[in-house]
There are 4 protein chains.
Amino acid sequence: MSDVIQADKLRLLIERIERLEEEKKGIADDVKDVYGEAKGQGYDVKTMRKVVALRKLDKHVRDEADAMMDIYRTALGLT
Amino acid sequence: MSDVIQADKLRLLIERIERLEEEKKGIADDVKDVYGEAKGQGYDVKTMRKVVALRKLDKHVRDEADAMMDIYRTALGLT
Amino acid sequence: MSDVIQADKLRLLIERIERLEEEKKGIADDVKDVYGEAKGQGYDVKTMRKVVALRKLDKHVRDEADAMMDIYRTALGLT
Amino acid sequence: MSDVIQADKLRLLIERIERLEEEKKGIADDVKDVYGEAKGQGYDVKTMRKVVALRKLDKHVRDEADAMMDIYRTALGLT
DNA sequence: ACAGAAATAAAAATGC
DNA sequence: GCATTTTTATTTCTGT
């Protein structure tokens, strides 16, 4: 394949990445807006962030426990 | 307003944030996928990341320059 | 202060860091040895790593919960 | 050997690992402290990190060269 | 030995 | 402006 077409493929990949990164940034801004809204309604943002982090951590713990179960099952030949 | 409704509002805000965070994570995963695809096609991911970072920096520099131009224009009454 | 003495201070700081990094590497090697020893005694290393990770996660969750309590206390003016 | 004693051995291994991991974390924190101290004395931490990385690389290169020399020496019966 | 996953280290962004 | 948190990058580890 010619270098020109190769370069085009690379450019397309990079543009896809850049578009996704922009979307990601947009959503990050939305998150910030929601926190700002919450603050405007009198909620304590620091506490809210902690709540969100703690809920994520809980989910993570549950997922890990499930993974652990799978490992034990495999180790015991219970698949 | 009653505390119950207040708590509901808080819960809704937190759920909105969590949904946005999940979307964000989904997009971050998409980005990873595109890099993986690029790697599969023989591109060097580390270099690609540098390219993306450089282009972002360039864009930032250009945006700064544009903002500066606007300030001058306004200061000189050239809008 | 003269540049020479300044350079000496910098060198001392860097040497301290390098010594600490070496210690750290030594301990990381010790960890590897213990896993190797366990493997030699017939234990499944992958499962052991999961156990260690899960216990660390549990500790983290407890620490987070404590931090959460502090935040609530502060938010409610109960310090 | 009974399962009870086996479980004890496993527990001991895991506790040894956890103790080592804690030591490792302690040292990592010490490293952070030294960088903090350096910063407080006006040094540029980012640059210092680069210096440390470079010196590590140099050491690695020298060690490799030494190993190569040993190989040649042995091959030539010059031990 | 190498691909993929996980851990660690470094850099960047954010809030106070 | 500093310090803390998040994100990104690199290194390390494991299974094929």
Side-chain angles (χ1 to χ4, degrees), chain A residues 17 20-21 24-25 27-29 31-33 35-36 38-39 44-50 52-54 56-57 60 63-64 67-68 70-71 74-75, chain B residues 17 20-21 24-25 27-29 31-42 44-54 56-57 60, chain C residues 17-18 20-21 24-25 27-29 31-36 38-39 44-50 52-54 56-57 60 64 67 71 74, chain D residues 17 20-21 24-42 44-54 56-57 60:
Chain A
I17 288 165
L20 287 167
E21 295 285 9
K24 187 148 70 82
K25 190 177 184 323
I27 294 175
D29 289 345
V31 171
K32 241 176 274 174
D33 288 348
Y35 277 118
K39 188 175 185 175
D44 180 60
V45 170
K46 188 177 173 184
T47 304
M48 280 182 70
R49 282 185 189 278
K50 261 290 171 208
V52 171
L54 208 49
K56 188 154 79 182
L57 195 60
H60 188 199
D63 291 349
E64 282 289 297
M68 195 72 226
D70 282 351
I71 283 177
T74 303
Chain B
I17 289 166
L20 289 167
E21 294 285 9
K24 188 147 71 82
K25 189 179 185 317
I27 293 175
D29 289 345
V31 170
K32 246 180 255 173
D33 288 347
V34 178
Y35 277 119
E37 200 180 311
K39 186 178 184 176
Q41 294 176 19
D44 180 62
V45 169
K46 195 169 163 183
T47 304
M48 280 182 70
R49 284 185 187 278
K50 293 268 181 238
V51 170
V52 170
L54 266 179
K56 188 153 82 180
L57 196 62
H60 186 213
Chain C
I17 289 165
E18 286 175 337
L20 288 167
E21 295 284 9
K24 188 146 69 79
K25 186 171 187 329
I27 293 176
D29 288 345
V31 171
K32 243 177 272 177
D33 288 347
V34 178
Y35 276 119
K39 188 176 185 175
D44 179 60
V45 170
K46 187 176 172 186
T47 304
M48 280 182 69
R49 282 184 189 279
K50 264 289 173 207
V52 171
L54 208 49
K56 189 154 75 181
L57 196 59
H60 188 200
E64 282 289 297
I71 284 177
T74 305
Chain D
I17 290 166
L20 288 167
E21 295 284 8
K24 188 148 70 84
K25 190 180 184 319
I27 294 176
D29 289 345
D30 288 348
V31 171
K32 245 179 257 174
D33 287 349
V34 178
Y35 277 118
E37 200 180 311
K39 186 178 184 176
Q41 294 175 20
D44 180 61
V45 170
K46 196 170 163 181
T47 303
M48 279 182 71
R49 285 183 188 278
K50 293 268 179 239
V51 170
V52 170
L54 266 179
K56 188 155 81 181
L57 195 63
H60 186 213

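Proteins come first, then strands; the chains are lettered A, B, ... in the order of their sequence lines, and each starts at number 1. Owing to the predicted nature of the structure, the values given are computational and were not obtained by experimental measurement.
Salt bridge status for D/Lys56 with C/Glu18: absent, with no side-chain N to carboxylate O gap under 4.0 Å.
The nearest whole Å value for the distance from the NZ atom in D/Lys39 to the P atom in E/dA10 is 15 Å. E/dA5 atom C1' lies 13 Å from atom CD of A/Glu64, rounded to whole Å. Between D/Leu20 atom CG and E/dT8 atom P there is a gap of 13 Å when expressed in whole angstrom units. Rounded to a whole Å, the NZ atom of B/Lys56 is 7 Å from the P atom of F/dT8. E/dA6 atom P lies 7 Å from atom NZ of C/Lys50, rounded to whole Å. Atom pair B/Lys32:NZ and F/dT7:P shows a separation of 12 Å (rounding to whole Å applied). Note: CG (D/Asp44) to C1' (E/dA11) measures 12 Å, nearest angstrom. The CG atom of A/Asp29 sits 16 Å away from the P atom of F/dT6 (whole-angstrom rounding).
Minimum atom distance to the side chain of B/Lys46 is reached by F/dT10, of the listed F/dT10, F/dT8, E/dG15.
B/Ile27 contributes atom CD1, which lies 12.5 Å from atom CG of B/Asp33 (distance to the nearest 0.5 angstrom).
Summary of the strand contacts: D/Tyr35 and A/Lys25 both lie near DNA chain E, and taking for each the nucleotide with the nearest heavy atom, the more 5' one is attributed to D/Tyr35.
At the heavy-atom level, A/Lys24 lies under 4.0 Å from the strands shown only through sugar-phosphate atoms.
The closest side-chain heavy-atom distance from C/Thr47 to A/Met68 is below 4.5 Å. Contact annotation: the side chain of B/Lys25 approaches that of B/Asp29 to within less than 4.5 Å [non-hydrogen atoms, C-beta and beyond].
Residue B/Arg49 places at least one side-chain N or O closer than 4.0 Å to OP1 or OP2 of F/dA9.
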